[in-house]
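Contents: one structure, followed by commentary.
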Number of protein chains: 2
Amino acid sequence: MLSSRAKYATRALLDMTLHYEEGPVQIQDIAHRQNIPVKYLEQILLLLKVAGFVMSRKGPGGGYHLSRSPDDITLGAVVRAMDGPLAPMSCVSISGYSECGCPHPDTCGLRLAWKEARNAIADVLDGTTFTMIRDNQHQLQDLLRQDPMIATIMDDENSSTKN
Amino acid sequence: MLSSRAKYATRALLDMTLHYEEGPVQIQDIAHRQNIPVKYLEQILLLLKVAGFVMSRKGPGGGYHLSRSPDDITLGAVVRAMDGPLAPMSCVSISGYSECGCPHPDTCGLRLAWKEARNAIADVLDGTTFTMIRDNQHQLQDLLRQDPMIATIMDDENSSTKN
DNA sequence: ATTTAGTCTACTGATTTAGTAGACTAAATA
DNA sequence: TATTTAGTCTACTAAATCAGTAGACTAAAT
């Protein structure tokens, strides 16, 4: 499970994607719209700034805006910046090959499986840009506007029974 | 990142898969071979027993053994039993649809992406049995035995640069 | 009766998480 | 230049979780 830091960060970036054409958006506005504790969001935006996803301007009319096109920001990059490697086990992240304590990491069958899992998740998250997320969201909203009853059906169809 | 509980549990089950034909194996033996703290492993094996993956026998000649074929035990099932849902966010696990705090969960574009990520990871882990893990491990060992220099190359080829 | 081996419960130290609080700095503008 | 606006930076903390450790107990075999 990803941290709430990652959850809020991605929500904030989606919010800024939705307001990308307008000027800078203020922390308070993002916080209110996205239901995020203001003071916590401040810290998270600072992290996103250090990581190069957003820029800021102080003073009246200031606020935050994406530092590049939402087409060039992937979910994977953001999650890594907030929560570290996507790897399910340290032995398949660059930083921690030999630190897993496994008796024979070089021939470990589990390691192979963890690697596949990491690659699968990375493929999805690195292949998803905030532009795509925005477009998908608009499509969902259109669908729901046409037929409000579709909501529950959509959920049943899209979610597998597996947690 | 999965817990060390999940790490040890999967290592223990792999160990029991490797000794599946023999009788019960003792906690101490698993712990020594797999480099796991004995007292911690006790607790984990109890969890695995409750979850139905293993059976135990007390007294001399006793120990633990798989309660069904390693062909019928998947990595996904074990990870869920140890660490809970594979979902990267609560909003895409059965238990927590509406508890994410998102303003509009039903049309959330992020939720769609998290769902895809969860399905990707679930496909890999639910599609990997302990028989497969054992066979892969044996294959790796054979390769390494033939050419000890291949180890580093294998690692370079198999791991993407992405964490 | 003794040994062997799993079972059960409680506890603990360390770390991380998810925030809160408050003082400070820079930019705009009147 | 004073004031307001809005981001910045540092410190702190309550609660939860994690990764074990400790020790007494139970059941099976001989």
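Just so it is clear, the values below take in all heavy atoms, side chains as well, and ignore hydrogens, waters and symmetry mates. Chain letters run A, B, ... following the sequence lines, proteins first, then strands; residues in each count from 1. Note that the structure is a prediction, hence the values are computed from the model and not measured.
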Report summary line: The nucleotide from C:dT7, D:dT21, D:dG7 with an atom nearest the side chain of A:Tyr64 is D:dG7
Query raised in the report: NA contact type, A:Gln28, heavy-atom cut-off 4.0 Å: base, sugar-phosphate, or nothing?
Result: nothing
Requested in this report: May I have the distance from B:Asp29 (atom CG) to C:dG6 (atom P), rounded to whole angstrom?
Outcome: 9 Å
Query raised in the report: Under a 3.5 Å cut-off for both distances, is C:dA23 Watson-Crick or wobble paired, and to whom?
Result: D:dT8
Requested in this report: Using atom CD of B:Gln26 as one end and atom P of D:dA29 as the other, report the distance to the nearest whole Å.
Outcome: 14 Å
Query - Any donor-acceptor N/O pair, B:Ser3 side chain to B:Ala6 backbone, under 3.5 Å - result: yes
Query - 5'-most by nearest nucleotide on DNA chain C - B:Leu46 or A:Lys58 - result: B:Leu46
Report task. Rounded off to whole Å, could you give me the CD-to-P distance for the A:Glu42 and C:dA23 pair? Result -> 14 Å
Query raised in the report: Is B:Leu45 touching bases, backbone alone, or none of the nucleic acid, heavy atoms closer than 4.0 Å?
Result: nothing
Query raised in the report: Should B:Leu48 and B:Val78 be marked as a side-chain contact (heavy atoms from CB on, under 4.5 Å) after you check the CA-CA gap, both sets of side-chain angles, and the distance that decides it?
Result: CA-CA 8 Å; B:Leu48 289 175; B:Val78 176; 4.3 Å; yes
Report summary line: Here the distance between atom C1' of D:dG7 and atom CG of A:Leu47, to the nearest Å, is 14 Å
Query raised in the report: Should D:dT30 form a Watson-Crick or G-U wobble pair with both distances under 3.5 Å, which nucleotide is its partner?
Result: C:dA1
Report task. Output yes when a side-chain donor or acceptor of B:Ser67 lies under 3.5 Å from a complementary backbone atom of B:Gly52, and no otherwise. Result -> yes
Report task. To the nearest Å, give me how far apart CE (A:Met1) and C1' (D:dC18) are. Result -> 16 Å
Query raised in the report: Contact class for A:Lys7 (heavy atom, under 4.0 Å): base, sugar-phosphate, or nothing?
Result: nothing
**Report entry** Trace of the side-chain contact (heavy atoms from CB on, under 4.5 Å) decision for B:His138 with B:Leu18
**Finding:** CA-CA 10 Å; B:His138 284 153; B:Leu18 294 171; 3.8 Å; yes
Query raised in the report: Can you check side-chain contact (heavy atoms from CB on, under 4.5 Å) on A:Thr131 and A:Arg134, steps first, answer last?
Result: CA-CA 5 Å; A:Thr131 302; A:Arg134 179 197 58 197; 3.2 Å; yes
Query - Protein-nucleotide distance (B:Ile30, atom CD1; C:dA5, atom P), rounded to Å - result: 13 Å
Query raised in the report: Does D:dT5 have OP1 or OP2 sitting under 4.0 Å from an N or O in the side chain of A:Arg57?
Result: no
Report task. Compare side-chain N and O positions of B:Tyr8 against OP1 and OP2 of D:dG20 and report whether any pair is under 4.0 Å apart. Result -> yes
Query raised in the report: For D:dT17, does OP1 or OP2 lie under 4.0 Å from any side-chain N or O of B:Arg5?
Result: no
Query raised in the report: Within this structure, what is the OH-to-P distance between B:Tyr40 and C:dT9, rounded to whole angstrom?
Result: 18 Å
Query raised in the report: Of all the choices, D:dA19, D:dT8, D:dA28, which nucleotide is nearest to the side chain of B:Pro60 once you look at every atom?
Result: D:dA28
Query raised in the report: Under a 3.5 Å cut-off for both distances, is D:dT13 Watson-Crick or wobble paired, and to whom?
Result: C:dA18
Query raised in the report: Expressed in angstrom and rounded to an integer, what is the separation of A:Ile44 atom CD1 from D:dC9 atom P?
Result: 16 Å
Report summary line: Assert: residue with more 5' nearest nucleotide on DNA chain D, out of A:Gly61 and B:Gln43, is A:Gly61
Query - Distance below 4.0 Å between B:Lys39 side-chain N/O and D:dG23 OP1 or OP2 - result: no
Query raised in the report: Has B:Ser56 got a side-chain N or O lying under 4.0 Å from the OP1 or OP2 atom of C:dT7?
Result: yes
Report summary line: Between A:Pro37 and A:Gly59, the residue closer to the 5' end of DNA chain C by nearest nucleotide is A:Pro37
Query raised in the report: For the side chain of B:Arg33 and the backbone of B:Asp15, is there at least one donor-acceptor N/O pair under 3.5 Å apart?
Result: no
Requested in this report: State whether A:Ser4 places a side-chain N or O below 4.0 Å from either non-bridging phosphate oxygen (OP1 or OP2) of C:dA18.
Outcome: yes
